[in-house]
Participant: 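Please see the structure below; I have some questions.
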Amino acid sequence: MNPQRVDQPMNHLDLVVPKGSKTMLLYENLARERMREAEQDAAEQRLGRRLNSAKRWQRLSAWAARRAKRAQDLL
């Protein structure tokens, strides 16, 4: 059996604090924030496209209804 090393007690901060330079962590945080902003922008653009599509189909539906009514009136 391997004896446990007692000369170096376990530091619980090693589990919490990530290893690496603070500069790298800053760049990682900035990159994550940029990704979040890009995802939000994409979601807003999708919503805008869906709204435009819904309006376009509504106009087409109204036009088709008017045309059908005119054709019905001619019969």
Side-chain angles (χ1 to χ4, degrees):
M1 244 194 210
N2 293 335
Q4 288 183 341
R5 293 184 63 181
V6 275
D7 56 341
Q8 290 181 341
M10 184 173 177
N11 187 355
H12 294 290
L13 289 177
D14 290 339
L15 301 174
V16 178
V17 178
K19 294 181 173 124
S21 68
K22 290 183 181 185
T23 306
M24 277 303 286
L25 296 177
L26 176 65
Y27 287 130
E28 289 174 4
N29 288 338
L30 289 172
R32 283 190 198 100
E33 185 62 29
R34 274 190 238 111
M35 287 189 327
R36 276 190 220 105
E37 288 175 359
E39 288 171 358
Q40 286 176 346
D41 288 342
E44 289 173 5
Q45 288 176 2
R46 278 193 305 272
L47 184 61
R49 284 193 300 268
R50 288 180 64 191
L51 179 62
N52 285 337
S53 178
K55 286 181 180 179
R56 188 179 318 116
W57 281 110
Q58 191 175 23
R59 285 192 304 266
L60 181 63
S61 173
W63 174 81
R66 286 192 308 270
R67 184 176 170 121
K69 182 166 180 356
R70 268 184 281 157
Q72 184 68 30
D73 290 345
L74 291 176
L75 295 178

Participant: In Å, rounded to the nearest 0.5 Å, how long is the span from CZ of Arg34 to CZ of Arg36?
Facilitator: 12.0 Å

Participant: Do Trp63 and Trp57 share a hydrophobic cluster, counting only Ile, Leu, Val, Met, Phe, Trp and Tyr and linking them when any side-chain heavy atoms are less than 4.5 Å apart?
Facilitator: yes

Participant: Under the side-chain contact (heavy atoms from CB on, under 4.5 Å) rule, what do Arg49 and Asn52 come out as? Steps first, then yes or no, please.
Facilitator: CA-CA 5 Å; Arg49 284 193 300 268; Asn52 285 337; 5.7 Å; no

Participant: Go through the steps to decide whether Lys69 and Asp73 satisfy the test side-chain contact (heavy atoms from CB on, under 4.5 Å), and finish with yes or no.
Facilitator: CA-CA 6 Å; Lys69 182 166 180 356; Asp73 290 345; 3.4 Å; yes

Participant: Do Ser61 and Gln58 have side-chain heavy atoms sitting under 4.5 Å apart?
Facilitator: no

Participant: Taking the side chain as every heavy atom from C-beta outward, state whether Leu51 and Leu47 have any atom pair closer than 4.5 Å.
Facilitator: no

Participant: Going by distance alone, is a donor N or O of one side chain under 3.5 Å from an acceptor N or O of the other, for Asn29 and Arg32?
Facilitator: yes

